[in-house]
Amino acid sequence: MSAYLSGFSLSLSLILAIGSQNAFVLKQGIKKHYVFLVCLLCAFSDALLISLGVAGFGVVVEQFPEIEVFARYGGAAFLIAYALLSFRSAFTETHALDENASVPRSIWKTMAVCLAFTWLNPHVYLDTVVLLGSISTQYEGQQLEFTLGAITASFTFFFSLGYGARLLSPLFQNPKSWKFLEFFVGLTMLTIASSLLLT
């Protein structure tokens, strides 16, 4: 049980901080757009990366740094583009959350954006594959429990964030709140992109 709890607490601490992926999940949760799918994709991606890390894929990443370089610059370009779209929306458009309105959006586009936030983020490889993978070696014989704990934390966090965001729905019936969220999301994306390019 100690290995399970260690995996759970460590994984939760790594993904708890607000980041590009978390901001996207929060935004989708508030808009109530494919929340289950978005949460599932994020959590399942984490589960896959954590499993690969524990299985030893972290060694492969260390031997082939090109993987991290591609993720860094590709992720930075994607984040900058998304940030600009968020800033444009914040300053030129007026949104208000209408509980009775249904705003259709392509499920494929949502999936693509969600996966891009996950797989083009080099931090996710460092956190899940390299860090969790290397720490799991301390739990010889209990690596399965450690892995399950880390995966459980990921599922718990993303589904709590996605569905918990609905509690903010009344606030986002005010257009100013929506503009603030768009600006905050854009600023978050731009900050993370800058950190990727400057490291």
Side-chain angles (χ1 to χ4, degrees), residues 1-29 34-72 74-76 78-79 110-167 185 188-189 191-193 195-196 199:
M1 181 59 73
S2 61
Y4 178 89
L5 292 177
S6 295
F8 185 94
S9 59
L10 180 59
S11 178
L12 188 62
S13 66
L14 290 174
I15 61 177
L16 196 57
I18 188 67
S20 56
Q21 185 186 48
N22 296 349
F24 177 73
V25 174
L26 178 65
K27 186 175 176 181
Q28 292 297 115
Y34 303 112
V35 181
F36 180 82
L37 177 64
V38 167
C39 294
L40 184 64
L41 284 175
C42 291
F44 183 78
S45 294
D46 264 13
L48 180 59
L49 288 166
I50 291 168
S51 299
L52 288 172
V54 174
F57 188 70
V59 177
V60 177
V61 175
E62 291 176 352
Q63 290 181 347
F64 297 96
E66 296 85 3
I67 296 175
E68 192 272 336
V69 173
F70 171 79
R72 177 187 300 177
F78 174 77
L79 290 173
T110 301
M111 289 175 62
V113 172
C114 181
L115 290 173
F117 273 125
T118 300
W119 294 90
L120 288 179
N121 177 12
H123 292 153
V124 78
Y125 296 100
L126 295 175
D127 290 346
T128 58
V129 178
V130 178
L131 185 58
L132 287 176
S134 61
I135 292 177
S136 70
T137 60
Q138 301 175 16
Y139 296 90
E140 189 68 34
Q142 295 182 303
Q143 289 180 319
L144 178 60
E145 289 85 350
F146 179 88
T147 304
L148 290 176
I151 291 173
T152 302
S154 182
F155 273 84
T156 301
F157 174 78
F158 284 116
F159 278 91
S160 297
L161 179 63
Y163 285 97
R166 296 186 176 191
L167 299 175
V185 168
T188 300
M189 307 300 178
T191 301
I192 295 173
S195 69
L196 293 178
T199 54

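The first residue of the sequence shown is numbered 1, and numbering continues consecutively from there.
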Q: When rounded to the nearest 0.5 angstrom, what distance separates OG in Ser2 from CD in Glu145?
A: 9.0 Å

Q: Which residues pass the side-chain hydrogen bond (donor to acceptor under 3.5 Å, both in side chains) test with Ser154, sequence neighbours left out?
A: Asp46

Q: For Tyr163, enumerate each residue passing the side-chain contact (heavy atoms from CB on, under 4.5 Å) test, keeping only those at least two apart in sequence or located in another chain.
A: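 Here the qualifying residues are Val35, Phe36, Phe159, Arg166.
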
Q: Please name all residues satisfying ring-ring contact (aromatic ring centres under 6.0 Å, His included) with Phe8, sequence neighbours left out, ordered by chain then number.
A: none

Q: How would you list, by chain and number, every residue that makes a side-chain hydrogen bond (donor to acceptor under 3.5 Å, both in side chains) with Thr152, sequence neighbours excluded?
A: Tyr4

Q: What is the distance from atom CG of Leu161 to atom SG of Cys39, rounded to the nearest 0.5 Å?
A: 7.0 Å

Q: Is there side-chain contact between Val25 and Phe117, with heavy atoms separated by less than 4.5 Å?
A: no

Q: Taking only residues two or more places apart in sequence, or in another chain, which ones meet Phe158 in a ring-ring contact (aromatic ring centres under 6.0 Å, His included)?
A: none

Q: Find the distance between OG1 (Thr118) and CZ (Phe24) and round it off to the nearest 0.5 Å.
A: 9.0 Å

Q: Leu115: which residues meet the side-chain contact (heavy atoms from CB on, under 4.5 Å) condition with it, sequence neighbours left out?
A: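 Here the qualifying residues are Leu41, Ser45, Trp119.
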
